[in-house]
Every structure is written in C-alpha cells, then in structure tokens.
Amino acid sequence: MKELGATDVRQLEAALFRKYGDLKWWPAESADEVLIGAILTQNTSWRNVETCIASLRINGMLSCCSISESGREKLAVLIRSSGFYNQKAERLTTVCGKVCEDYGTLELMTRRITMEKAREFFSGIKGIGRETLSSILLYALHLPVFVMDKYTWRMLGRLGFETGEKRPDHVESVFVSALGGDVNRLRNLHAMIVNLAKDNCKSKPICETCLLRDNCDYAGREIIVP
DNA sequence: GGCCAGGACACCA
DNA sequence: TGGTGTCATGGC
C-alpha cells in the first residue's frame with residue numbers, strides 16, 4: 001500500500017478532468033438549497049432528492065427560515081421520496097432553525113464566518129456528520145475542505161493507497177493542500193469522483209467506474225492513473 | 001425481488 | 001474502539 005501524496009491527488013484530478021471537465025457543482029440556486037440537498041441526499045440517490053427539491057420549491061420552502069417555520073409533518077410529506085423522511089425532517093428543522101435564528105440565510109453566514117466558527121456552529125447538530133458538514137462548508141460556504149465520501153475511500157483503496165479511513169483528517173488535508181486550497185478545484189474533484197461513480201460500469205467495455213462500485217469485478221487501476 | 005443510493009447515529013460488546 | 005441495526009423511498 002502506498003502513502004497518498006500531493007502528486008497522486010493532482011494526477012487523479014488531471015485524469016478525471018480529461019474525462020469530465022468542469023462540472024460546475026453543486027446543482028443548487030442558493031446556499032440554503034445546498035444545505036437542504038446535503039441532508040436530503042444522505043444515503044439517497046440524487047434523483048430522489050431532485051423530486052423533493054422540486055416539491056419544496058413549489059411550496060416556497062427552499063430556504064432555512066421557511067423550513068424552520070413550517071411544520072415537521074408537512075415537511076416530512078414533501079421530502080418523502082428521499083427516504084428516511086421522518087429523520088430528515090427532524091434534522092432539517094433543527095439545522096435550518098439554527099441557521100435562520102443566528103444568520104437568516106447561509107449566504108449571510110458566508111460573509112461573517114471563518115472555518116473555525118463554521119465548524120463550531122455545525123458541530124453537535126444532530127444529522128450533520130462529517131461528509132454532510134464538508135459538503136456544506138465547501139459548496140455553500142466556499143471554504144477549502146475536501147468531501148471524503150465512501151466513493152473516495154473506495155477509489156483510493158483500489159488504487160493501492162493506504163487510505164487510513166481512521167484518520168480522515170489527514171487524507172483530507174492531503175487533498176486540500178495538493179490543490180492549493182482552491183475551492184473550485186476541490187469542488188470539481190469531488191464532483192468528478194461522484195460522476196465517475198454514477199457511470200454504469202457494466203454497460204461499458206472499458207470503464208473507470210469499477211474503482212467505485214463493489215459489484216464490479218474489473219480492476220481498472222491502470223486506466224485511471226495517468 | 002434484491003441491491004444500491006452524493007450518511008448519521010444509537011447501542012452494545 | 002469497532003461492528004451492527006435503524007431510518008425508508010425509488011430506480012434499475
């Protein structure tokens with residue numbers, strides 16, 4: 001097993017960029033919408049989340065304040081198709097209420113908050129785990145972090161790197177420093193990895209998706225590394 | 001019908 | 001500390 005270094009990260013980014021280019025992530029019209037989507041997509045396909053986002057939009061509930069003011073039962077009905085809807089309704093109500101009360105919107109929070117303050121603000125809020133927090137910091141608050149999701153762990157493992165899932169902070173710091181803390185590059189690298197995972201490996205004769213899906217027996221290591 | 005999806009948390013040994 | 005169960009819908 002190899003130790004992941006900055007060069008490895010940049011090579012990975014370059015290989016993926018040749019395939020996907022700039023994906024302009026995250027698909028949302030506001031920072032509040034990023035936060036809402038980040039919770040809805042927990043262990044759920046984005047397709048299902050899109051249905052919920054559309055329902056919330058129609059009902060004028062795509063902001064933290066509108067969600068915090070709505071009833072949890074009504075919210076649960078609107079986000080039903082994302083699964084775990086009771087749990088997610090509770091989580092959304094809690095975090096949106098805190099954002100609304102303290103800042104109004106995440107856009108307003110962005111202007112006044114540092115990385116340390118943001119982490120402090122979200123720490124301890126039920127339902128905001130490591131990955132969800134990273135998504136919020138990177139895509140909603142424009143802060144330089146990397147989203148270490150299960151696709152990334154799996155991919156690193158299959159590329160032969162000592163991923164050390166027990167020390168995610170270290171691996172994340174390698175990604176961030178390798179890309180010079182560039183928020184746009186950090187966003188796009190994660191987006192490209194997710195898109196790689198979405199590709200259907202079994203429908204393609206040569207595919208890199210195998211790096212990311214357990215149900216594929218193809219070891220595509222030599223394809224992804226330039 | 002089974003598996004998986006852009007997780008997180010409580011509980012237990 | 002690490003493993004397991006729970007939350008749950010929808011697409012393939």
Side-chain angles (χ1 to χ4, degrees), chain A residues 12 16 20 23-29 31-56 72-96 98 119 121-141 145-158 163-172 175 186-204 207-218:
Chain A
L12 176 65
L16 288 170
Y20 293 108
L23 292 168
K24 314 285 185 194
W25 253 39
W26 176 297
E29 294 178 6
D32 281 12
E33 189 178 326
V34 172
L35 167 66
I36 294 163
I39 291 175
L40 290 179
T41 199
Q42 289 172 355
N43 205 36
T44 304
S45 68
W46 186 255
R47 185 191 299 269
N48 290 359
V49 174
E50 285 179 323
T51 307
C52 302
I53 296 283
S55 298
L56 292 171
R72 192 172 300 175
E73 294 74 18
K74 179 186 177 184
L75 180 59
V77 170
L78 293 174
I79 65 172
R80 187 179 171 82
S81 61
S82 73
F84 310 113
Y85 51 86
N86 287 320
Q87 192 180 71
K88 288 176 181 176
E90 182 179 358
R91 292 174 178 179
L92 277 172
T93 304
T94 302
V95 67
C96 285
K98 197 165 188 295
R119 288 190 183 279
F121 178 85
F122 288 105
S123 71
I125 298 181
K126 234 177 173 181
I128 307 292
R130 181 186 180 85
E131 186 178 332
T132 304
L133 175 59
S134 293
S135 296
I136 294 168
L137 296 178
L138 180 61
Y139 292 103
L141 298 179
V145 301
F146 186 70
V147 181
M148 298 301 301
D149 60 8
K150 66 182 175 186
Y151 292 143
T152 306
W153 292 124
R154 201 178 294 164
M155 182 182 65
L156 292 178
R158 293 189 182 181
T163 61
E165 281 192 66
K166 292 171 187 171
R167 47 174 194 152
D169 289 338
H170 168 71
V171 179
E172 182 187 330
F175 273 84
L186 289 162
R187 285 176 170 175
N188 202 49
L189 180 52
H190 175 243
M192 292 189 295
I193 291 171
V194 172
N195 268 262
L196 190 60
K198 283 182 177 176
D199 290 342
N200 184 347
C201 72
K202 292 195 172 176
S203 67
K204 298 180 180 179
C207 81
E208 301 91 327
T209 313
C210 319
L211 295 167
L212 304 173
R213 288 195 186 277
D214 280 336
N215 63 356
C216 186
D217 57 1
Y218 182 79

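All chains are named by letter (A, B, ...) in the order of the sequence lines, taking the proteins before the strands, and each is independently numbered beginning at 1. Predicted, not measured: the structure shown is a model, and the values here were computed from it.
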**Q** Identify whether any heavy atom of A/I128 sits under 4.0 Å from a base atom; if not, whether one sits that close to sugar-phosphate; answer base, sugar-phosphate or nothing.
**A**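 The answer is sugar-phosphate, as A/I128 gets under 4.0 Å only of primed atoms, P, OP1 or OP2.
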**Q** Is A/T132 close enough to B/dG6 that one of its side-chain N or O atoms is under 4.0 Å from OP1 or OP2 there?
**A**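 For A/T132, the contact criterion (side-chain N or O under 4.0 Å from OP1 or OP2 of B/dG6) is not met.
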**Q** Quick check: on DNA chain B, is the nucleotide nearest A/F84 upstream (toward 5') of the one nearest A/K126, or the reverse? Name the residue that is more 5'.
**A**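 The 5'-side residue here is A/F84.
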**Q** Which nucleotide in the set B/dG6, C/dG11, C/dG10 lies at the smallest distance from any side-chain heavy atom of A/W26?
**A**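 Of the candidates, B/dG6 comes closest.
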**Q** Establish whether the base of C/dG10 is bridged to the side chain of A/E50 by a donor-acceptor pair shorter than 3.5 Å.
**A**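 Per atom types, no contact qualifies.
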**Q** Expressed in angstrom and rounded to an integer, what is the separation of A/Q87 atom CD from B/dC9 atom C1'?
**A**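 So the two atoms are 8 Å apart, to the nearest Å.
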**Q** Rounded to whole Å, please give me the gap between CG in A/N86 and P in B/dA8.
**A**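 In whole Å, B/dA8 P lies 19 Å from A/N86 CG.
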**Q** If the P atom of C/dG2 is compared with that of B/dG6, how far apart are they to the nearest Å?
**A**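 Roughly 27 Å separates the two P atoms.
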**Q** Determine whether the side chains of A/T51 and A/N48 contain a donor N or O and an acceptor N or O closer than 3.5 Å.
**A**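 No donor-acceptor contact under 3.5 Å links the two side chains.
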**Q** Looking at every heavy atom in both A/L196 and A/L16, which two are closest together, and how far apart are they?
**A**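 Shortest heavy-atom contact: CD2-CD2, 3.8 Å.
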**Q** When we call it a touch if two heavy atoms are under 4.0 Å apart, what does A/G129 touch: a base, just sugar-phosphate, or nothing?
**A**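 If one applies the 4.0 Å heavy-atom cut-off, A/G129 turns out to touch the sugar-phosphate alone, with no base involved.
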**Q** Find the distance A/L138:CG to B/dG6:P and express it as a whole number of Å.
**A**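 Value for this atom pair: 17 Å.
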**Q** When you compare C/dG10 with B/dA8, how far apart are their P atoms, in angstrom units rounded to a whole number?
**A**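 Approximately 22 Å lies between the P atom of C/dG10 and that of B/dA8.
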**Q** Under 4.0 angstrom, heavy atoms only, what part of the nucleic acid is A/E131 near: base, sugar-phosphate, or nothing?
**A**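 It contacts sugar-phosphate atoms only.
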**Q** For A/Y85 and C/dT9, is the shortest distance between a side-chain N/O and OP1 or OP2 below 4.0 Å?
**A**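 Answer yes for this pair, as a side-chain N or O of A/Y85 is under 4.0 Å from OP1 or OP2.
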**Q** If stacking means aromatic ring centre less than 5.5 angstrom from the base's six-membered ring centre, planes under 30°, is A/W46 stacked on B/dG6?
**A**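 Per 5.5 Å and 30° rule: yes, stacked.
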**Q** Assign A/I79 to base, sugar-phosphate, or nothing according to its heavy-atom contacts below 4.0 angstrom with the strands shown.
**A**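 No contact at all - A/I79 keeps every heavy atom at 4.0 Å or more from the nucleic acid.
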**Q** Does A/K150 place a side-chain N or O at less than 4.0 Å from the phosphate oxygens OP1/OP2 of B/dA5?
**A**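 Checking B/dA5 against A/K150, a side-chain N or O does come within under 4.0 Å of OP1 or OP2.
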**Q** Answer yes or no: is there a side-chain heavy-atom contact under 4.5 Å between A/L189 and A/F146?
**A**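 Yes, close enough: below the 4.5 Å cut-off.
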**Q** Contact class for A/D149 vs. all strands (heavy atom < 4.0 Å): base, sugar-phosphate, or nothing?
**A**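 If one applies the 4.0 Å heavy-atom cut-off, A/D149 turns out to touch nothing in the nucleic acid.
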**Q** Which whole-number value in Å describes the distance from A/R91 CZ to B/dG7 P?
**A**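 Value for this atom pair: 12 Å.
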**Q** Return no unless some side-chain N or O of A/R80 is found under 4.0 Å from OP1 or OP2 of C/dT9.
**A**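 For C/dT9, OP1/OP2 do have a side-chain N/O of A/R80 under 4.0 Å.
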**Q** Nearest heavy atom decides the nucleotide; on that basis, is A/I125 or A/W25 closer to the 5' end of DNA chain B?
**A**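 So the residue in question is A/W25.
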**Q** Between A/H190 and A/W25, how do the two ring planes meet: parallel, tilted or perpendicular, split at 30° and 60°?
**A**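 It falls in the perpendicular class, over 60°.
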